[in-house]
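First comes the structure, then the notes that go with it.
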Amino acid sequence: EPIASMPGVFRHSLDLLKEEIKDLYKHGIKAVNVYVKVSDNLKDNTGKESWNPNGLMQAAIKLIKDTEPNMIVMPDVALDPYSVYGHDGIIEKGEVINDATVDALVRMSLSHAEAGADFVAPSDMMDGRTFAIRQAFEESGFTNVGIISYAAKYASAFYGPFRSALDSAPVDNQEIPKDKKTYQMDFANSREAIREVLDDVDEGADIIMIKPGMPNLDIVAKVREIITQPIAVYQVSGEYAMLKAASQNGWLDNDKVILESLHSIKRAGADLIFTYFAKEASLL
Ligand code: PBG
């Protein structure tokens, strides 16, 4: 199914995902970050569908590894697609509660590792989850499964198209927080980003993520000076949407802005770039 606010990006059923993975690999793309859209009847406030061994994510991970064993699979770890409230955590008394959410994220991560994930990519911003996931992996024999930790993730309006693609936006309800600002970062704050990154490095993250991309290249450059671990930068859905919309209107040159935007992210210090332009960029 096409995603209206992200022209050129699709939600894939498993049979078509198989073809897409073969195609991506042929284009030289060696790693994929995976998200699922969960049907409403499977959503609740515990996120238990997220560790269902036969869930859509687990099936997708297996299918990708069966189709192309060399494709690195990095499933998203967060509760929002599974949450009736559209939050990345479990809600109690009107708040997203950190520690119970971490327990759920650990179960979800273990189920991804069992399905064959190479990395897990926790995007939830709960505190302490990188350490908890690392510890659970060590205890369960998944010593070679890595963690890409979304370490400096800002509460950003640039996630809009993604949330409509997954039907995962926080729902309108007086009883719950209206936005994600209690766990994602304030975009006016830069020192907190450094602290979040250093915490995740201490907790055992193999790769740290900064997100969104272009609005935060100052943070990328600063973090590059401070840590030696690889840095991933996520060029998010809103960044894709604005460049695509302007290109489709003939206001920007599609190919040139793809390359310029990706180069700016690389120049700031990214070792890896998560981008919806991956396939297009591979042809430029
Ligand atoms: C949620 C998640 C989001 C994105 C990745 N994981 C949205 C959010 O935090 O609300 C955004 C990705 C994008 O916009 O491309 N765990």
Side-chain angles (χ1 to χ4, degrees), residues 3-11 32-38 43 47 49-50 57 74-91 96 98 101-102 104-105 108-109 112 119-127 129-130 133 147-172 176-187 193 196 200 207-216 232-245 258 261-262 265 270 272-281:
I3 298 166
S5 50
M6 301 174 72
V9 181
F10 299 84
R11 286 193 298 256
V32 285
N33 182 212
V34 188
Y35 290 93
V36 288
K37 178 174 187 290
V38 179
K43 296 186 184 192
E49 174 61 16
S50 72
M57 178 64 98
M74 317 179 289
D76 180 65
V77 169
L79 293 186
D80 49 321
Y82 300 95
S83 161
V84 268
Y85 298 123
H87 270 288
D88 290 33
I90 295 167
I91 305 244
V96 173
N98 192 91
T101 301
V102 170
L105 298 171
M108 186 174 175
S109 299
H112 291 174
F119 282 83
V120 289
S123 68
D124 54 282
M125 288 295 280
M126 298 302 128
D127 291 330
R129 86 316 201 194
T130 302
I133 295 169
I147 303 175
I148 299 182
S149 169
Y150 290 54
K153 175 171 176 181
Y154 283 95
S156 170
F158 285 102
Y159 307 147
F162 170 97
R163 291 180 187 169
S164 48
L166 266 65
D167 184 25
S168 65
V171 298
D172 190 12
I176 63 161
K178 65 178 187 322
D179 55 39
K180 299 192 175 183
K181 289 182 182 168
T182 59
Y183 44 104
Q184 298 181 353
M185 290 189 323
D186 176 356
F187 53 72
E196 291 277 1
D200 276 0
I207 300 173
I208 71 99
M209 165 82 82
I210 296 166
K211 167 183 185 189
M214 283 173 75
N216 300 303
V233 174
Y234 198 142
Q235 186 181 46
V236 302
S237 58
E239 297 177 74
Y240 177 86
M242 64 184 179
L243 296 180
K244 228 357 147 194
I258 291 176
S261 64
L262 294 174
I265 294 170
L272 294 79
I273 303 175
F274 286 41
T275 174
Y276 300 96
F277 288 122
K279 201 154 64 168
E280 268 187 277

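Atoms within each ligand, like the ligands themselves, are counted from 1 in listed order. Below, all heavy atoms of this structure are taken into account, side chains as well, without hydrogens, waters or symmetry copies.
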How far does NZ of K180 sit from OG of S156, to the nearest 0.5 angstrom? 11.0 Å

Counting only heavy atoms not in F274, do more than 12 sit closer than 6.0 Å to its CZ atom? yes

Over 60° means perpendicular and under 30° means parallel, so classify the ring planes of Y234 and Y35, tilted if in between. tilted

Please tell me whether R163 and S237 have a donor and an acceptor in their side chains that are separated by less than 3.5 angstrom. no

Can you list, by chain and residue number, every protein residue with a non-hydrogen atom closer than 4.0 Å to ligand 1? Y35, A78, D80, D88, S123, K153, F158, Y159, F162, R163, K180, Q184, K211, Y234, V236, S237, Y276

Distance to the ring centre below 6.0 angstrom and angle to the axis at most 45 degrees; does that hold for K153 and Y159? yes

To the nearest 0.5 Å, what is the distance between NZ on K37 and CE on M57? 14.5 Å

